[in-house]
Amino acid sequence: MKIFVRLRKRRKEEFQFFMHDFIDACVEHGFETKPDVLPSYRWHLRAVCRDILWLGYRLIGKLMPGILRRKHALLVTANGNTIRDSVFPYYGCCEIVPMLWDVWPNSWGTMFEMFRELGVKTVLVSSHQVAEMINRETQVKAFWIPEGIKAKLYHRGLPLAQREYDVYEMGRRYEKYHMVLQDMKNEGAINQLLTSNLTNDGTLSSAMSVSIDDFYDNISRYKVMICFPQCDTNPRRAGDIETLTQRYWEAMLSGCLMVGRAPKELVDLIGYNPVVDVDWSDAAGQMKSILGHIADYQPLVDRNLQVANEYADWSKRMPLIIKILEGAGYKV
């Protein structure tokens with residue numbers, strides 16, 4: 001069965017494009033595409049069309065299942081809660097293979113329901129723990145695909161000792177450590193502490209203070225990037241799911257020193273710990289020492305950059321993804 005990849009239109013309100021970058025890599029490696037239908041319409045109109053089509057699909061599936069003929073397969077990007085919307089309008093006409101990110105515990109019920117309703121047989125997941133859980137709890141074959149990135153967008157920047165700014169807290173903050181850094185900033189021990197825009201509930205805001213191109217440039221001006229897994233920064237959402245996110249690749253490709261904690265997935269993937277672990281007995285003293293001897297960390301940063309160039313880009317995942325899909329009976 002031939003497999004296509006469903007396109008995903010970049011919308012003005014979006015500020016993260018990892019799913020789009022994944023699709024771009026698929027297309028570069030020979031996948032043919034299916035369009036993103038009604039992408040530019042208001043969401044309520046799309047939702048109405050989606051719900052009507054979904055109801056029809058479910059009724060036909062129950063009353064006349066023989067009518068549903070899935071001649072092709074479709075690789076669809078989604079998170080655990082958005083599978084149904086991401087598959088629209090291809091219910092019933094394609095065998096669905098989801099590629100999933102952000103599959104946190106609160107989405108598992110919805111995810112399993114979609115697997116059943118759509119007859120999913122194969123799924124790709126960016127979390128190793130979730131892939132193991134799906135294999136353990138269902139008949140669906142799940143495969144771990146480590147988080148990737150479009151590496152060419154990022155800039156190596158100057159050596160650490162020649163950079164302008166000290167610390168960048170990108171993404172969700174680990175509040176305990178943020179307070180340490182904020183106190184240091186107030187004392188003048190950090191020349192600049194940049195944090196991401198957050199909503200009232202602590203999640204990332206789409207209101208970026210700079211353009212996306214400036215964002216790529218800005219990262220490489222900082223010496224240190226703070227990196228913690230989401231199970232540390234938002235345990236209510238992530239539970240015990242510890243997974244590699246693009247922030248680590250962004251820091252490595254931008255020549256930043258990472259301070260925080262590395263997820264086990266990253267350590268297992270590249271074979272060493274690329275992050276300076278926080279010394280919680282004296283976190284402020286440790287950061288002062290790091291910034292005062294920043295050139296000493298240049299060899300680690302250089303190694304991280306080299307390894308990121310070998311592992312980070314989505315193109316590095318494509319041979320594995322194609323092999324998995326072909327093993328499951330799909331043809332690119």
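Fair warning: this is a prediction, and the values are worked out from it, not measured in the lab.
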request  = Describe, in one word, how the ring planes of Phe22 and Trp101 are oriented to each other, choosing from parallel (under 30°), tilted (30 to 60°) and perpendicular (over 60°).
outcome  = perpendicular
Crowding at CZ, Arg70 (>12 non-hydrogen neighbours, <6.0 Å) = yes
query = Will you find, in the side chains of Tyr177 and Glu169, an N or O donor that is under 3.5 Å from an N or O acceptor?
reply = no
message = Just so I know, are the side chains of Leu305 and Arg156 near enough to count as touching, which here means a heavy-atom distance under 4.5 Å?
response = yes
inquiry  = Does anything in residues 256-271 form a side-chain hydrogen bond (donor to acceptor under 3.5 Å, both in side chains)? List the pairs, not counting sequence neighbours.
reply    = Asp232-Arg261, Glu242-Arg261, Thr243-Glu265, Lys264-Asp268
message = What verdict does the side-chain contact (heavy atoms from CB on, under 4.5 Å) test give for Val103 and Ile134, after you've listed the backbone C-alpha separation in whole Å, the side-chain angles of each residue and the deciding distance to 0.1 Å?
response = CA-CA 11 Å; Val103 190; Ile134 293 171; 5.7 Å; no
inquiry  = Do Val125 and Phe143 have side chains that approach each other closer than 4.5 Å (heavy atoms only, starting at C-beta)?
reply    = no
message = Walk me through whether Glu28 and Trp314 qualify under side-chain hydrogen bond (donor to acceptor under 3.5 Å, both in side chains).
response = CA-CA 10 Å; Glu28 290 169 4; Trp314 277 119; over 6 Å; no
request  = Would you please name every residue forming a ring pair (Phe, Tyr, Trp, His ring centres under 6.0 Å) with Tyr174, sequence neighbours left out?
outcome  = Phe228, Trp280
task = Sequence neighbours left out, what pairs pass salt bridge (charged side-chain N to carboxylate O under 4.0 Å, His left out) with at least one residue falling in residues 109-123?
result = Arg58-Glu117, Glu95-Lys121
ask   = Is the shortest side-chain N to carboxylate O distance from Lys150 to Asp313 below 4.0 Å?
value = no
task = Please tell me if the side chains of Tyr91 and Ile96 come closer than 4.5 Å, counting only heavy atoms from C-beta onward.
result = no
ask   = Looking only at atom types and distance, does a side-chain atom of Asn234 sit under 3.5 Å from a main-chain N or O of Gln230, one as donor and one as acceptor?
value = no
Single-linkage hydrophobic cluster Leu55~Ile60, side-chain heavy atoms < 4.5 angstrom = no
task = May I have the step-by-step check of side-chain contact (heavy atoms from CB on, under 4.5 Å) for Tyr168 and Arg221, ending in yes or no?
result = CA-CA 9 Å; Tyr168 191 174; Arg221 295 180 180 180; over 6 Å; no
task = State, yes or no, whether a side-chain contact exists between Lys34 and Leu7 at a heavy-atom distance under 4.5 Å.
result = no
key: Electrostatic pair Lys223-Asp166, nearest N-O below 4.0 angstrom   = yes
query = Under 4.5 Å between any side-chain heavy atoms of Val224 and Val276, yes or no?
reply = no
Check against side-chain contact (heavy atoms from CB on, under 4.5 Å), Asn79 and Leu100 = CA-CA 5 Å; Asn79 63 46; Leu100 300 179; over 6 Å; no
message = Same cluster or not: Val267 versus Leu244, using hydrophobic residues (I, L, V, M, F, W, Y) connected whenever any side-chain heavy atoms lie under 4.5 Å apart?
response = no
remark   = Distance col, row Met170:CE vs Thr245:OG1, nearest 0.5 angstrom, shows 8.0 Å
message = Any non-hydrogen side-chain atom of Phe18 less than 4.5 Å from a side-chain atom of Gln246?
response = yes
task = Sequence neighbours left out, what passes side chain to side chain contact (heavy atoms under 4.5 Å, CB included) with Cys49? Give chain and number order.
result = Leu38, Leu45, Phe88
key: Any donor-acceptor N/O pair, Arg237 side chain to Asn106 backbone, under 3.5 Å   = no
Rounded distance (nearest 0.5 Å) linking atom NZ of Lys152 with atom CG of Asp21 = 9.5 Å
message = Strictly distance-based, threshold 3.5 Å: is any side-chain N or O of Ser127 a donor or acceptor partner for the main-chain N or O of Val130?
response = yes
task = Say whether, by atom type as modelled, one donor and one acceptor occur between the side chain of Asn191 and the main chain of Tyr165 under 3.5 angstrom.
result = no
request  = Any chance you could lay out the side-chain contact (heavy atoms from CB on, under 4.5 Å) test for Val76 and Tyr90, step after step, and finish with the verdict?
outcome  = CA-CA 10 Å; Val76 173; Tyr90 299 102; over 6 Å; no
Show me, pair by pair, the donor-acceptor contacts under 3.5 angstrom made by side chains of residues 281-290, not counting sequence neighbours?
unit_1: Ser281; atom_1: OG; unit_2: Asp279; atom_2: OD1; d: 2.5
unit_1: Ser281; atom_1: OG; unit_2: Asp279; atom_2: OD2; d: 3.4
unit_1: Asp282; atom_1: OD1; unit_2: Gly285; atom_2: N; d: 3.0
unit_1: Gln286; atom_1: OE1; unit_2: Asp279; atom_2: N; d: 2.8
unit_1: Gln286; atom_1: NE2; unit_2: Asp277; atom_2: O; d: 2.8

query = Do side-chain atoms of Arg317 reach the backbone of Pro146 as a donor and acceptor pair under 3.5 angstrom?
reply = yes
ask   = How far does CZ of Phe215 sit from CG of Asp217, to the nearest 0.5 angstrom?
value = 10.5 Å
Side chain to side chain donor-acceptor pair (under 3.5 Å) against Asp51, all qualifying residues, sequence neighbours excluded = Arg84
Thr138 (side chain) donor-acceptor with Val140 (main chain) under 3.5 angstrom = yes
query = For Glu175, what residues pass the side chain to side chain contact (heavy atoms under 4.5 Å, CB included) criterion, not counting sequence neighbours?
reply = Arg173, His178, Met179
ask   = Distance-only, no hydrogens or angles: does the Arg6 side chain make a donor-acceptor pair with backbone N or O of Thr77 under 3.5 Å?
value = no
query = What residue pairs, at least two apart or across chains, pass ring pair (Phe, Tyr, Trp, His ring centres under 6.0 Å) with a residue in residues 246-273?
reply = none
query = Between Asp85 and Thr82, is a side-chain hydrogen bond (donor to acceptor under 3.5 Å, both in side chains) present by the stated rule, with each step listed?
reply = CA-CA 5 Å; Asp85 184 72; Thr82 63; over 6 Å; no
task = Heavy atoms only: give me the nearest Leu74-Cys94 pair and the separation to one decimal.
result = CB-CB, 3.9 Å
ask   = Would you say Phe31 and Lys2 make side-chain contact, with heavy atoms under 4.5 Å?
value = no
key: Point-to-point distance, once rounded to the nearest 0.5 Å, from CE of Met252 to CG of Asn304   = 4.0 Å
query = ring pair (Phe, Tyr, Trp, His ring centres under 6.0 Å) with His155: which residues, sequence neighbours excluded?
reply = none
ask   = Listed by chain and number, what are the side chain to side chain contact (heavy atoms under 4.5 Å, CB included) partners of Ala295, not counting sequence neighbours?
value = Ala161
note = CZ of Phe115 to CE of Met111, rounded to nearest 0.5 Å, is 4.5 Å
query = What orientation do His20 and Phe17 show, parallel under 30°, tilted 30 to 60°, or perpendicular over 60°?
reply = perpendicular
Asp302 side chain near Leu300 side chain, heavy-atom distance below 4.5 Å = no
CD1 on Ile324 to CD1 on Ile145, rounded to 0.5 Å = 4.0 Å
request  = Kindly write out the residues that satisfy side chain to side chain contact (heavy atoms under 4.5 Å, CB included) with Leu158, not counting sequence neighbours, or none if the list is empty.
outcome  = Gln162, Arg163
query = What residues form a ring pair (Phe, Tyr, Trp, His ring centres under 6.0 Å) with Trp144, not counting sequence neighbours?
reply = His128
key: Short side-chain to backbone donor-acceptor contact, Glu250 and Ile219, under 3.5 Å   = no
